[in-house]
Amino acid sequence: MAADAGMFTVRHTRGTVLCCKCGILMEPNAANMCVNCLRSEVDITEDLQKHVIIMYCPDCESYLQPPRTWVKAQLESRELLTFCIKRLKNINKVKLIDARFIWTEPHSKRILVELCIQRAVMNGGVILEQKYRVEYVVQDHMCESCSRVQANPDQWVASVQLRQHVSHRRTFFYLEQLILKHDAAVRAIKIKQMEQGIDFFFANRSHAVKFIEFLGKVTPIKSRHDKQLVSHDRKSNNYNYKYTFSVEICPVCREDLICLPPKVKNNLGNIGPIVICTKVTNSVALLDPVTLRQCYLDADQYWRYSFKSLLSSRQLIEYIVLNIVPTGATVPGTGYALAHAEVARVSDFGYNDTMFTITTHLGHLLNPGDYALGYDLYGANHNDMELEKYNGLDLPYAILIKKSYEEKRRQSKVKPRSWKLKNLDMEVDDATRAKLDQEKVSTEYEQFLRDLEENPELRFNISLYRDKELQASEIAASTNDGDDPPSVPLEELLADLEISDDESEEDESSMKE
C-alpha cells in the first residue's frame, strides 16, 4: 500500500552467518552451527531406549503392562503402538511427532517402531527433529490365568450356572448368538451344556460378574451367589475361594400366552388379563390382542410377581383363515391392525365344519386363504391358578399368534440355506447327553432357524454368515421368488473371515516386495 502511494519503503533482509564448523552460509541461531553439524555434535536420542523386551502370552494374545496388567492387542494395531510407546522410558522428556511400525517377519519375535521426535538443545535456543528406531524383543510368557488353565483345565475360580425352567431351548439358541456377537464369553475357560441350561467357567471372579451384567442387559434374570473356601494361608492371611453364581432366566418367552394375576392387571392399567408376550429383552413386552394395548415389565417388576405362561409355543396349532374384516383400529409404531377373522382348525378338515369368529391383531398380515398359528382355547384344558381367580371371564375361542408358512414349505421345493450361524464350543458329558432328546433339540433348532427367516426384528441383533460351502448357483436358487417361504436376504449376511495358509504367504510376499 505504501509503494502504491509513492512512499519510500525499507526492504527487510534476513542476515546470514557462517557455520563455525563447516563454514557454509546459514541463518543465525544460538549455536552458530548448521543443522548437519549440530546433529553431529548433539544426539537427542542419547538417553532414550532403543531396545526393549516385552512379554507376550500366546494363548490369549496379550502383552504384559508392568506390573500385572495384560493388554490384548493385534499385530500392527493402534493398541499395540500405544502399548509400545508407553513402555519407553524418558519418552516424556521429548516431543513425539510421529510413530509407525516397520514391517518384520511375524515369526521373528521382533517389533520395529520408527519414532520422530523433537527436542530443545543449547539451553532451548535450538530445536532439533530426528527419527530413530526402537527394537522390541517379544518373549513368550503365559499370563497367570492361561498358566492355570494349562496346568489344570478344571481349575476354575468362578462358575455361572445359567438356567431357564421351560420345556424348550429356544431362549438358549438366541442367547448363544448374542453372546457370540458381543464376545461376552471370550474369557470363559470352559463352557458346558447341561440339561436345563449352560454352565460357564471363568478363571477370575470379575469376569463372571461382567458376564452376568451382560446377561442382565439382554434378558430378565435374577441371580444369587455363594462361595466355598479352597485354601487359606495363615501367614499372609490370604484366602482362596471358588465362587458359584446361579442365574435364572425369566420363564416367559416370546409368543407365549399369559394370564396376568389380578394385582398385575390392575397395576398395568387393567390390560388383558389374557395377553401375548411379543418380545423379551431386558424387559417383557405384553400385548392385549383384543384392544392392541401394550405394556412393558422390567426384570424387577416381573420377579416381584413371578407369573408363568398359560400356554407356550409348543402348543400352537395351525388354523386357516376363511375370511377377515379389518376394523380400522391400529396403533402407530407397532404395525398391528385389529380385525375380525373367521378361522377353522386345519386338523378339522374332513371331520367337521367347526368355524370360529375371533378378533385378531394380525389384520395387517392375514388374508383369506392364509394359514396362521394360534392357541386353541376352545378345546384346551386349562389348569392355571391365575385364570381361576377371574370368575365369569369369557375366553375367546382362539388367539392367533403369527402367520404360518408351513403349507408353502410343503408345496415348494426344499432349498438349501445360503447362511449359517456360529456356535459356542460347548462340552457335553455322557450323563447330560443321555438325558437330552437329540431329535427334540434338532427340531427346536430348525424351528429357531425358521423364526429367524420369518422375523427380521428377531435377527436384527445377531450375526448371520454366508455359507461358503454352497456354490453361487445354489445361493441364487435359495433366494426368495415371492411365492416361496421367507428367507434371509443376501445383503444381511456377513462374510466369515477365514485366513488360509496360502493367503497369508501371498500377503507376506507382497509386503516384502
Side-chain angles (χ1 to χ4, degrees), residues 149 152-181 184-203 207-209 211-212 214-216 218-228 242-258 277 280 284 299 302-303 306-316 383-384 421-452 458 462:
V149 174
N152 185 4
D154 296 328
Q155 190 174 357
W156 50 270
V157 174
S159 70
V160 178
Q161 300 174 352
L162 189 60
R163 298 290 185 270
Q164 186 185 32
H165 301 295
V166 293
S167 59
H168 56 81
R169 299 186 66 89
R170 292 172 54 201
T171 304
F172 291 104
F173 293 146
Y174 183 69
L175 193 59
E176 180 183 11
Q177 301 305 317
L178 291 179
I179 292 173
L180 286 169
K181 181 175 182 178
V186 68
R187 299 261 183 195
I189 60 177
K190 186 172 69 171
I191 304 175
K192 190 174 182 181
Q193 182 177 352
M194 306 302 291
E195 183 181 3
Q196 287 189 335
I198 307 174
D199 287 353
F200 297 85
F201 299 90
F202 298 89
H207 299 161
V209 173
F211 179 68
I212 295 175
F214 167 78
L215 294 176
V218 297
T219 184
I221 63 170
K222 68 175 181 179
S223 63
R224 59 180 298 269
H225 66 278
D226 202 353
K227 61 182 180 180
Q228 179 184 3
K242 275 192 173 183
Y243 301 90
T244 302
F245 296 87
S246 178
V247 181
E248 182 180 353
I249 302 177
C250 161
V252 175
C253 301
R254 187 177 58 88
E255 299 174 353
D256 283 0
L257 190 68
I258 303 167
C277 177
V280 178
V284 180
Y302 172 78
W303 291 111
S306 189
F307 52 85
K308 295 185 178 180
S309 300
L310 178 64
L311 296 173
S312 66
S313 58
R314 294 190 63 191
Q315 297 165 286
L316 290 170
N383 187 16
D384 188 77
L421 296 175
K422 291 185 176 181
N423 301 104
L424 290 172
D425 186 14
M426 289 188 289
E427 300 179 3
V428 184
D429 54 14
D430 296 335
T432 305
R433 188 177 287 105
K435 295 179 181 178
L436 289 175
D437 187 354
Q438 296 298 330
E439 183 177 356
K440 173 187 171 184
V441 173
S442 301
T443 304
E444 291 175 352
Y445 189 72
E446 176 64 25
Q447 184 60 44
F448 170 69
L449 297 180
R450 292 181 179 180
D451 289 343
L452 291 180
L458 186 63
I462 65 176

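Treat the numbers as computed from the prediction; the structure is a model and nothing was measured. By convention here, the first residue in the shown sequence is residue 1.
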Give a yes or no on this: more than 12 heavy atoms of other residues, nucleotides or ligands lie within 6.0 Å of atom [atom1] of [X].
X: D429; atom1: CG; answer: yes
X: H168; atom1: NE2; answer: yes
X: R187; atom1: CZ; answer: no

Practice prompt. Using the six-membered ring wherever Trp is involved, compare the ring planes of H207 and F202 and label them parallel, tilted or perpendicular (cut-offs 30° and 60°).
Written response: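 Perpendicular, since the angle between the ring planes exceeds 60°.
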
Fill in: Plane angle bin for F448 and F173 - parallel if under 30°, tilted between 30 and 60°, otherwise perpendicular
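Because their plane-to-plane angle lies in the 30° to 60° range, the rings of F173 and F448 count as tilted.
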
Please report the shortest heavy-atom distance between [X] and [Y], naming the atom on each side.
X: F172; Y: Q164; value: CZ-N, 3.7 Å
X: D256; Y: P251; value: OD2-O, 4.1 Å
X: I221; Y: G216; value: CD1-N, 3.6 Å
X: A208; Y: A158; value: CB-CB, 3.7 Å
X: V280; Y: V252; value: CG2-O, 3.9 Å
X: L178; Y: I462; value: CD2-CG2, 4.1 Å

Discussion item. Show, in sequence, the C-alpha distance, side-chain angles and deciding distance for F245 and F211, and conclude whether the ring-ring contact (aromatic ring centres under 6.0 Å, His included) test is met.
Written reply: CA-CA 11 Å; F245 296 87; F211 179 68; over 10 Å; no

Whether [X] side chain and [Y] backbone form a donor-acceptor pair below 3.5 Å:
X: S442; Y: Q438; result: yes
X: R169; Y: E195; result: yes
X: E176; Y: L424; result: yes
X: E446; Y: T443; result: no
X: Q161; Y: F200; result: no
X: W156; Y: I189; result: no

Worksheet item: How long is the span from the OG atom in S306 to the NZ atom in K222, to the nearest 0.5 Å?
Response: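 The OG atom of S306 sits 5.5 Å away from the NZ atom of K222.
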
Worksheet item: Looking at SG of C253 and CZ of R314, how far apart are the two atoms once the value is rounded to the nearest 0.5 Å?
Response: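 Atom-to-atom, C253:SG and R314:CZ are 12.0 Å apart.
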
If we only count heavy atoms from C-beta on, is the [X] to [Y] side-chain gap below 4.5 Å?
X: K227; Y: H225; result: no
X: I258; Y: C277; result: yes
X: L162; Y: V247; result: yes
X: L316; Y: L311; result: no
X: L215; Y: L175; result: yes

Quick one: do [X] and [Y] make a salt bridge, cutoff under 4.0 Å?
X: K242; Y: D226; value: no
X: R170; Y: E255; value: yes
X: K308; Y: D384; value: no

Worksheet item: So, is the end of the K190 side chain (NZ or CZ) under 6.0 Å from the ring centre of F201 and within 45° of the ring's axis?
Response: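 Yes, K190 lies over the aromatic ring of F201.
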
Item to complete: Decide yes or no on side-chain contact (heavy atoms from CB on, under 4.5 Å) for D199 and I191, but give the supporting numbers first.
Response: CA-CA 6 Å; D199 287 353; I191 304 175; over 6 Å; no

Worksheet entry | Verdict with supporting geometry, L421 and L452, side-chain contact (heavy atoms from CB on, under 4.5 Å) | CA-CA 11 Å; L421 296 175; L452 291 180; 3.9 Å; yes

